[in-house]
Structures are given as C-alpha cells and as structure tokens.
Participant: 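Quick one: this structure, given as structure tokens, is what I'll be asking you about.
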Amino acid sequence: MYFWLNSRVFCITDLLPSTTAQSKVPKAVIYMKDLSVSFQPEKIGHAHGLQISYLKEERTRNLFVYHESGQVIVSWFNAIRATQLAYLQRKHPTVEDNELIPQISRCCLKEGYMEKTGPMDALELGAVFIGTENYGYSVTGRRRPGRWNWGIAMTTPGRQFIFMCEQEQDQREWLEALREVISRPMTLQDYANEANWRRRK
C-alpha cells in the first residue's frame, strides 16, 4: 500500500496501488482527530509492525502495516505524532504543549472479544463512550451461569451495558483497563467527543 501524510489538512491517505489506473484515487482518508498509532510487532508478526486505528462511520477500523526497514516505520510513527500535535496546536492555540502531548496516539489499553447482552439499540453504534466517575460512569464485575459467564456491568449517565467474557482472566483485565479510564480526568478532546456522541444519539 502507498500512504501519503498531509500536514496541511491533517490527514493520512491510503492510496490504491500505483500500478492501477486509479492510482491517485484515495482508498481511505484518515483525519488526525480520529487516528491512533502504535507499534504492534507481536500482533502483526513482524518486527517492524504498526497498527493505525481510526474512526469510520462511527466504528473503529484498523490498518496493520509493516516495512522491512525499522527506520521507515519509526519515521512514519514520529511523523504521524508530529502531525497530530500540529493539529491539536491549531485547534487549541491557547493550550500548552504539555497538556496536548498526552492526547496524541494513546496506546490501546485492552482489546478482545466480549459478548454484549441486554437491550439492543435499533441503530447500534458499536461503541460506548466512557467518561469519568465524577460524571456518573462506573464499572463492576458480575457472574452468571453459562459459557460466557464472567460479566462486566458498565453504567453510564444514559443506561447500563452488560458485557460477558469467556474467561475470568479476561474479565479481570477488562475491569482493570476500564477502571483506569474512568479514573482519569477528561481532556478537552474528551469533552468534545462526548458532546458529539450525544448529538449522534
């Protein structure tokens, strides 16, 4: 795949292979505000692996890329982070860099499969916004009979979500990660994301 990082409009473009007649047509345009990047050599199975996660139509998508040269991958990682910082500096011109830097390319705390139970929305977004304890968000563990019996109850100001894990270890790891998120103070970007989420609902 061929990628193009545009620092003027703060996006990364995934172009179709240059051997095709449509070589200049973007396969995907990923904006910095929706993007997270992290090194993932074990998941990808390559020493120079990179995971690019982004939002598309309200759902998280992932690109897994690698390069034979570690220097090339590190250069891409640093360039993406630098462009993300430039985007945040333009969006929040009065905020100090030391407050903006923690907002760029946060690593994924936990990922994996869980079974969702309870009422299903007619138009399911496939994601749940997680705020802080001070705003009515909480998470607790529970157990029920059955194969997927290690449960997690996530309470938000609007409703409660029930997720089930197959193994107790998975439940412990999810609870730890979720509790870490809700214990953090919300950033300016978090408040903006929550407001957008409520409007979409």
Side-chain angles (χ1 to χ4, degrees), residues 30-40 42-43 51-62 81 84-85 87-88 91-92 94-201:
I30 307 164
Y31 292 95
M32 291 296 116
K33 66 182 180 67
D34 300 324
L35 182 150
S36 181
V37 61
S38 60
F39 294 110
Q40 294 288 356
E42 293 182 4
K43 187 187 296 184
Q51 178 176 342
I52 300 172
S53 302
Y54 63 99
L55 289 176
K56 181 180 180 183
E57 298 172 353
E58 319 305 341
R59 294 182 181 272
T60 301
R61 300 288 185 250
N62 295 292
R81 287 174 59 86
Q84 287 179 308
L85 179 58
Y87 164 77
L88 290 171
K91 186 175 181 182
H92 306 290
T94 61
V95 178
E96 297 292 328
D97 285 357
N98 62 344
E99 294 182 52
L100 296 177
I101 289 172
Q103 297 183 40
I104 61 177
S105 286
R106 297 178 185 171
C107 293
C108 178
L109 289 177
K110 170 76 178 160
E111 64 179 349
Y113 292 100
M114 289 193 292
E115 181 182 85
K116 182 176 179 292
T117 66
M120 305 293 274
D121 296 334
L123 295 174
E124 196 68 22
L125 292 180
V128 179
F129 180 86
I130 305 172
T132 64
E133 294 170 300
N134 296 339
Y135 288 91
Y137 293 85
S138 65
V139 60
T140 56
R142 57 172 58 182
R143 192 173 180 193
R144 73 172 189 188
R147 179 180 167 206
W148 292 69
N149 60 345
W150 299 97
I152 295 169
M154 175 176 291
T155 303
T156 74
R159 62 178 279 194
Q160 186 179 73
F161 297 86
I162 306 296
F163 301 97
M164 304 304 296
C165 302
E166 189 172 13
Q167 304 291 334
E168 183 181 10
Q169 177 68 24
D170 291 331
Q171 182 200 45
R172 283 199 302 265
E173 291 175 0
W174 276 109
L175 285 171
E176 182 181 341
L178 291 167
R179 285 171 178 156
E180 181 177 339
V181 173
I182 66 173
S183 68
R184 295 174 180 168
M186 287 173 66
T187 65
L188 293 172
Q189 187 64 47
D190 292 332
Y191 285 113
N193 290 341
E194 183 181 34
N196 290 336
W197 208 271
R198 291 186 187 281
R199 280 196 293 270
R200 288 197 297 265
K201 284 287 194 179

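Atom set for the values below is all heavy atoms of this structure, side chains included, hydrogens, waters and symmetry mates excluded.
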Participant: Could you please spell out the steps behind the side-chain contact (heavy atoms from CB on, under 4.5 Å) verdict for Tyr87 and Tyr31?
Facilitator: CA-CA 10 Å; Tyr87 164 77; Tyr31 292 95; over 6 Å; no
Participant: Decide yes or no for Arg61 and Ile30: does some side-chain heavy atom of the first lie under 4.5 Å from some side-chain heavy atom of the second?
Facilitator: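 Sidechains of Ile30 and Arg61: no contact.
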Participant: Shortest non-hydrogen contact from Trp174 to Cys165?
Facilitator: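 Of all heavy-atom pairs spanning Trp174 and Cys165, the closest is CD1-SG, 3.8 Å.
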Participant: Which atoms form the tightest heavy-atom contact between Lys116 and Phe161, and what is the distance?
Facilitator: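 What the structure gives for the nearest pair is CE-CD2, 3.8 Å.
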Participant: State the CD1-CZ distance between Ile130 and Arg184, to the nearest 0.5 angstrom.
Facilitator: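 Between Ile130 CD1 and Arg184 CZ, I get 10.0 Å after rounding to 0.5 Å.
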Participant: Donor-acceptor pair, Gln171 side chain versus Gly151 backbone, under 3.5 Å?
Facilitator: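 Yes, the answer is positive, given that a donor and an acceptor are paired below the 3.5 Å cut-off.
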Participant: Roughly how far, to the nearest 0.5 Å, is the CG atom of Leu88 from the CD atom of Glu99?
Facilitator: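 Taking CD in Glu99 and CG in Leu88, the distance rounds to 11.5 Å.
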Participant: Quick one: are Ser36 and Tyr54 in side-chain contact, heavy atoms under 4.5 Å?
Facilitator: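 No, every pair of side-chain atoms sits at 4.5 Å or beyond.
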Participant: Going by an N to O cut-off under 4.0 Å, is there a salt bridge joining Arg172 and Glu176?
Facilitator: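 Judged by the 4.0 Å cut-off on N to carboxylate O distance, Arg172 and Glu176 do not form a salt bridge.
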Participant: Do Gln84 and Arg81 have side-chain N/O donor and acceptor atoms under 3.5 Å apart?
Facilitator: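 Per modelled atom types, Gln84 and Arg81 side chains form no pair under 3.5 Å.
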Participant: If I take atom CE from residue Met186 and atom CG from residue Asn134, how far apart are they, to the nearest 0.5 angstrom?
Facilitator: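 The distance works out to 10.0 Å.
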Participant: Measuring only between side-chain heavy atoms, which start at C-beta, is Asp97 closer than 4.5 Å to Leu100?
Facilitator: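 Touching, per the 4.5 Å side-chain cut-off.
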Participant: Can you name the residues that form a side-chain hydrogen bond (donor to acceptor under 3.5 Å, both in side chains) with Glu166, not counting sequence neighbours?
Facilitator: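 For Glu166, the residues satisfying side-chain hydrogen bond (donor to acceptor under 3.5 Å, both in side chains) (neighbours in sequence not counted) are Arg147.
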Participant: Would you mind reporting whether Glu133 and Ser183 have side-chain heavy atoms less than 4.5 Å apart?
Facilitator: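 Side-chain contact under 4.5 Å: yes.
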Participant: How close do Ala153 and Gln160 get, heavy atom to heavy atom, and via which atoms?
Facilitator: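 The answer is CB-NE2, 4.0 Å.
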Participant: Could you grab the distance from atom CD1 of Ile162 to atom OG1 of Thr140, nearest 0.5 Å is fine?
Facilitator: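 If I round to the nearest 0.5 Å, the distance is 7.0 Å.
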Participant: Would you say CD of Gln169 has more than 12 non-hydrogen atoms from neighbouring residues, nucleotides or ligands within 6.0 angstrom?
Facilitator: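 More than 12 within 6.0 Å, yes.
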Participant: Check side-chain hydrogen bond (donor to acceptor under 3.5 Å, both in side chains) between Asn62 and all other residues, then give those that pass, not counting sequence neighbours.
Facilitator: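 Applying side-chain hydrogen bond (donor to acceptor under 3.5 Å, both in side chains) to Asn62 gives Gln51, Ser53.
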Participant: With a 4.5 Å cut-off on side-chain heavy atoms, are Arg144 and Met164 touching?
Facilitator: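 In short, these two side chains touch, coming nearer than 4.5 Å.
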Participant: When rounded to the nearest 0.5 angstrom, what is the spacing between CD in Glu173 and CD in Gln167?
Facilitator: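 Here the interatomic distance stands at 10.5 Å.
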Participant: CG of Leu175 to CD of Glu168: how many Å apart, nearest 0.5 Å?
Facilitator: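 The CG atom of Leu175 sits 10.0 Å away from the CD atom of Glu168.
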Participant: If you take all heavy atoms of Phe163 and Met154, which pair is closest and at what distance?
Facilitator: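 Here Phe163 and Met154 meet closest at CE1-CB, 4.4 Å.
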Participant: Where do Thr156 and Phe129 land on the side-chain contact (heavy atoms from CB on, under 4.5 Å) test, with the steps shown first?
Facilitator: CA-CA 8 Å; Thr156 74; Phe129 180 86; over 6 Å; no
